[in-house]
**Q** 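Structure incoming, see below.
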Amino acid sequence: MSVAVEVRDLVKQYPKRDVNAVDGLSFEVHSGEIFGLLGPNGAGKSTTIGVLTTRVKATGGRASVAGVDVIRDPVGARRMLAVVPQQTNLDRSLTPRQNLTFHAAYHGYPRAERNARAADLLKEFGLEEQADVKVDWYSGGMAQRLMIARAMMHQPAVLFLDEPTTGLDPQSRLFLWERVRELRERGVTVVLTTHDMDEAAEMSDRVGVVDHGKLLALDTPAALTHGLSGQAVLELTVTPGPADEPEKILAALQGVEGVERAERVGAGGPAGLPPGMAGFPGMPGGGGAPMGPPPGAAGGGVTLRLYVRSQPATLLGPVATVLAERGAQLTGVHIGEPSLEDVFINLTGRGLR
Ligand SMILES: Nc1ncnc2c1ncn2[C@@H]1O[C@H](COP(=O)(O)OP(=O)(O)O)[C@@H](O)[C@H]1O
Ligand SMILES: [Mg+2]
């Protein structure tokens, strides 16, 4: 398996920033795969793409694309790669077709070849009919397709797509996914970034999970989700009984046969009173006596997530019994497979969006 992209101990510190945007990142992308960089806004995805595509100067570390060192030989690297940035950068003074032919001219393609390639790519990306209009008339989805077509004009070995479907309607998103898969069939290596875990799971052969400029995990979507303890997720919305605490309920649920791990979702947020406040002597009606809305009740209960080994439905009985014994009210149940979002929460303790 040959390596299409190599990143080693990459660091990027922007001027006057004390936190590194990319903080010691290392990973490899195999030739011919679709590789997803998944992380929340500000994780350092665009900065990483920026370095790999020679737009951003690295502070430290190494990076190469198709065997060419992007830091030492940016001109050579640009021949091997193409990028579709997060922000549209089409030339509005040119027609869509001219955007393609000018790009190929820049890369030294003779006229006949660039015209032929432009015609082929416009057709492939469904823009044949609108090839000679004003770029301004293009919708977001059309602009995105045109940028990918333009990127493919000089036949790059590696294509970088930075948040390619953010803001696209579902149809445009599907169309784009199909085109990207076709590129992979033709041997193009695709590196895409996304903050959408469904997209990462759907599109990527392998996913690198990043946050705060660091790689947290890297594997196939299936391996990442199966790596989580348990095979399924049971999500409960629970209103704790008087003087009870979510943490104590979690501990009790942890003891149910078949439960691998239990965690509270969204804990630490402004979810009602801190645990234990209900019985706090200084509270109105306090002195340890049971009192009015229990902790968490203000937010409609707390969400508890159980990672389970067995069929989640078979655990509903035992779980309900534990909750009833504690006087906790079960107000919602959701059964699901672990998702990449669960992986992310497991890695960072917080949600992806
Ligand atoms: N040109 C810049 N100057 C200073 N800071 C920047 C610049 N670009 C990005 N950053 C900061 O670097 C961090 C990573 O940003 P970015 O790479 O755009 O993340 P992502 O693409 O994952 O949302 C963020 O904290 C962002 O504010
Ligand atoms: Mg970005």
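No hydrogens, no waters, no symmetry mates; every other heavy atom, side chains included, goes into these values.
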**Q** Is the shortest side-chain heavy-atom distance between Val188 and Arg184 below 4.5 Å?
**A**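 Of all side-chain heavy-atom pairs linking Arg184 with Val188, none is under 4.5 Å.
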**Q** First locate atom CG of Asn99, then atom CZ of Arg97, and finally report the distance between them rounded to the nearest 0.5 Å.
**A**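 Atom-to-atom, Asn99:CG and Arg97:CZ are 12.0 Å apart.
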**Q** Show the nearest heavy-atom pair for residues Ala149 and Phe125, with the distance to one decimal.
**A**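 Scanning both residues completely, I find the closest heavy atoms to be CB-CD1, 3.9 Å.
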**Q** Would Glu28 and Arg8 satisfy salt bridge (charged side-chain N to carboxylate O under 4.0 Å, His left out), going step by step from the backbone distance to the final call?
**A** CA-CA 9 Å; Glu28 284 177 8; Arg8 277 290 152 256; 3.0 Å; yes
**Q** Are Arg261 and Leu306 close enough, and set up right, to give a side chain to side chain contact (heavy atoms under 4.5 Å, CB included), and what steps lead you there?
**A** CA-CA 6 Å; Arg261 199 159 61 78; Leu306 310 181; over 6 Å; no
**Q** Hydrophobic clusters here meaning ILVMFWY residues chained together by side-chain heavy-atom distances under 4.5 Å, can you tell me if Leu176 and Leu174 are in one?
**A**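 Leu176 clusters together with Leu174.
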**Q** So does Met152 get a backbone contact from the side chain of Arg117, meaning a donor-acceptor N/O pair under 3.5 Å?
**A**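 Such a contact is found between Arg117 side chain and Met152 backbone.
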**Q** If only atom types and distance count, is the side chain of Ser139 paired as donor or acceptor with the main-chain N or O of Met142 below 3.5 Å?
**A**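 A pair under 3.5 Å: yes.
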**Q** Where do Glu182 and Arg179 land on the salt bridge (charged side-chain N to carboxylate O under 4.0 Å, His left out) test, with the steps shown first?
**A** CA-CA 5 Å; Glu182 276 170 22; Arg179 296 290 83 69; 2.8 Å; yes
**Q** Going by heavy atoms in the side chains, are Val210 and Leu38 under 4.5 Å from each other?
**A**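 No, side chains not in contact.
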**Q** Can you check whether Lys134's main-chain N or O pairs, donor with acceptor, with Thr95's side chain at less than 3.5 Å?
**A**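 Flag not set: sc Thr95 to bb Lys134 has no pair under 3.5 Å.
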**Q** Quick one: pull up CZ in Arg181 and CD in Glu178 and give me the separation to the nearest 0.5 Å.
**A**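 Reported value, rounded in 0.5 Å steps: 7.5 Å.
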**Q** Would you say Leu121 and Ile148 are hydrophobically clustered, going by side-chain heavy atoms of ILVMFWY under 4.5 Å?
**A**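 Yes.
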**Q** Quick one: closest heavy-atom pair of Asp198 and Asp196, and the distance?
**A**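 Reported closest heavy-atom pair: N-OD1, 2.8 Å.
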**Q** Is the closest side-chain heavy-atom distance between Val322 and Leu253 below 4.5 Å?
**A**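 Yes, close enough: below the 4.5 Å cut-off.
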**Q** Which distance, rounded to the nearest 0.5 Å, do you find between the CD of Gln98 and the OG1 of Thr101?
**A**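 It is 6.0 Å, given to the nearest 0.5 Å.
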**Q** Without hydrogens or angle criteria, can the side chains of Asp162 and Thr193 be said to hold a donor-acceptor pair below 3.5 Å?
**A**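 A pair is found: one side chain offers a donor N or O, the other an acceptor, under 3.5 Å apart.
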**Q** Within the structure provided, determine whether Leu250 and Arg264 are in side-chain contact (heavy-atom separation under 4.5 Å).
**A**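 Contact flag for Leu250/Arg264 side chains = yes.
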**Q** Do Ile249 and Val238 pass the side chain to side chain contact (heavy atoms under 4.5 Å, CB included) test, and can you show the C-alpha distance, the side-chain angles, and the key distance before you say yes or no?
**A** CA-CA 9 Å; Ile249 298 175; Val238 175; 4.2 Å; yes
**Q** Out of curiosity, Leu323 CG to Leu236 CG, how far, rounded to the nearest 0.5 Å?
**A**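 With rounding to 0.5 Å, CG (Leu323) is 6.5 Å from CG (Leu236).
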**Q** Just to verify, what does Gln144 make a side chain to side chain donor-acceptor pair (under 3.5 Å) with, not counting sequence neighbours?
**A**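 Expected list: none.
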**Q** Report yes if the side chains of Val207 and Leu224 come closer than 4.5 Å at any heavy-atom pair, otherwise no.
**A**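 Yes, side chains in contact.
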**Q** Under the salt bridge (charged side-chain N to carboxylate O under 4.0 Å, His left out) definition, can you give me all pairs with a residue in residues 50-62, not counting sequence neighbours?
**A**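 As it turns out, there is no salt bridge (charged side-chain N to carboxylate O under 4.0 Å, His left out) pair with a partner in residues 50-62 once direct neighbours are skipped.
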**Q** Side chains of Val233 and Val308, heavy atoms from C-beta outward: is any pair under 4.5 Å?
**A**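 A side-chain contact under 4.5 Å is absent here.
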**Q** Got a second to check how far Met147's CE is from Asn89's CG, nearest 0.5 Å?
**A**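 If we round to the nearest 0.5 Å, Met147:CE and Asn89:CG are 6.0 Å apart.
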**Q** Any sub-3.5 Å donor-acceptor pair from Thr47's side-chain atoms to Ala21's backbone N or O?
**A**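 No; judged by distance alone, with no hydrogens or angles, the pair does not exist.
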**Q** Establish, for the pair Arg173 and Phe175, whether the NZ or CZ atom is under 6.0 angstrom from the six-membered ring centre and no further than 45 degrees off its axis.
**A**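 Checked: cation-pi criterion not met.
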**Q** What residues form a side chain to side chain donor-acceptor pair (under 3.5 Å) with Asn115, not counting sequence neighbours?
**A**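 Checked Asn115 against side chain to side chain donor-acceptor pair (under 3.5 Å); zero matches.
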**Q** What closest approach, in Å, do Ala201 and Leu340 show between heavy atoms, and which atom pair accounts for it?
**A**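 Looking at all heavy atoms of both residues, the closest pair is N-CD1, 3.8 Å.
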**Q** According to a 4.5 Å side-chain heavy-atom criterion applied to Ile, Leu, Val, Met, Phe, Trp and Tyr, with indirect links allowed, do Leu159 and Met203 form part of one hydrophobic cluster?
**A**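 Yes, Leu159 and Met203 fall within the same hydrophobic cluster.
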**Q** Are more than 12 heavy atoms from other residues, nucleotides or ligands located less than 6.0 Å from atom CZ of Arg92?
**A**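 No - once you tally the heavy atoms of other residues, nucleotides and ligands closer than 6.0 Å, there are 12 at most.
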**Q** Rounded to the nearest 0.5 Å, how far apart are CG of Asn20 and CG of Leu25?
**A**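 CG of Leu25 is found 11.5 Å from CG of Asn20.
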**Q** Tell me which pairs pass ring-ring contact (aromatic ring centres under 6.0 Å, His included) where either residue lies in residues 6-46, with sequence neighbours left out.
**A**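 Output for this query lists Phe27-Phe35.
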**Q** Does any part of the side chain of Val7, heavy atoms only, come nearer than 4.5 Å to the side chain of Leu52, both counted from C-beta?
**A**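 The answer is yes, as the side chains (C-beta and beyond) meet within the 4.5 Å cut-off.
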**Q** Going by the ring-ring contact (aromatic ring centres under 6.0 Å, His included) test, which pairs reach into residues 139-165, not counting sequence neighbours?
**A**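 Counting only pairs at least two positions apart or across chains, the ring-ring contact (aromatic ring centres under 6.0 Å, His included) contacts touching residues 139-165 are His103-His154, His107-His154.
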**Q** So which heavy atom on Met153 is nearest to which on Arg114, and how close?
**A**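 Of all heavy-atom pairs spanning Met153 and Arg114, the closest is CE-O, 3.4 Å.
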**Q** Please determine whether the number of non-hydrogen atoms from other residues, nucleotides or ligands lying under 6.0 Å from atom CD of Glu185 exceeds 12.
**A**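 For Glu185, atom CD is crowded (more than 12 foreign heavy atoms under 6.0 Å).
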**Q** Just by modelled atom types, is the Gln13 backbone N or O under 3.5 Å from a matching donor or acceptor in the Thr59 side chain?
**A**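 Yes, Thr59 side chain to Gln13 backbone: donor-acceptor pair under 3.5 Å.
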**Q** Do the side chains of Leu146 and Leu90 get nearer than 4.5 Å, heavy atoms only?
**A**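 Side chain of Leu90 against side chain of Leu146, heavy atoms only: contact under 4.5 Å found.
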**Q** Between Glu163 and Leu192, does the side chain to side chain contact (heavy atoms under 4.5 Å, CB included) criterion hold? Intermediate values first, please.
**A** CA-CA 7 Å; Glu163 307 245 0; Leu192 59 88; over 6 Å; no
**Q** Between Ala143 and Thr88, what is the shortest heavy-atom contact and its length?
**A**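 Distance-wise, the nearest heavy atoms are CB-CG2, 4.4 Å.
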**Q** Between Phe102 and Tyr109, is there shared hydrophobic-cluster membership here, with clusters defined by ILVMFWY side-chain heavy atoms closer than 4.5 Å?
**A**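 Hydrophobic grouping puts Phe102 apart from Tyr109.
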**Q** When you measure from the side chain of Lys12 to the backbone of Val51, do you find a donor-acceptor pair of N or O atoms at a distance under 3.5 Å?
**A**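 It does not hold such a pair.
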**Q** List, one per line, each side-chain donor-acceptor pair under 3.5 Å for residues 71-86, sequence neighbours excluded.
**A**
| from | atom 1 | to | atom 2 | distance (Å) |
| --- | --- | --- | --- | --- |
| Asp73 | OD1 | Gly76 | N | 2.9 |
| Arg78 | NH1 | Thr54 | OG1 | 2.8 |
| Gln86 | OE1 | Ser46 | OG | 2.8 |

**Q** Between Ile49 and Val191, which heavy-atom pair has the shortest distance, and what is it?
**A**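 Heavy atoms only, the tightest pair is CD1-CG1, 4.1 Å.
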**Q** Is Asp205 reaching over with its side chain to a backbone N or O of Ile34, donor-acceptor style, under 3.5 angstrom?
**A**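 Checking the backbone N and O of Ile34 against the side chain of Asp205, a donor-acceptor pair under 3.5 Å is found.
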**Q** Among the clusters formed by ILVMFWY side chains lying less than 4.5 Å apart, do Leu37 and Trp177 turn up in the same one?
**A**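 No; tracing contacts between hydrophobic side chains, which count when under 4.5 Å, never links both residues.
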**Q** State plainly whether the residues Arg111 and Glu113 are in salt-bridge range, i.e. N to O under 4.0 Å.
**A**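 Result for this pair is no, no salt bridge flagged.
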**Q** What do the steps show when you test Glu235 against Val333 for side chain to side chain contact (heavy atoms under 4.5 Å, CB included), and what is the final call?
**A** CA-CA 6 Å; Glu235 212 169 78; Val333 176; over 6 Å; no
**Q** Ignoring hydrogens and geometry, is there a side-chain-to-backbone donor-acceptor pair from Thr165 to Leu168 under 3.5 Å?
**A**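 Answer holds: no.
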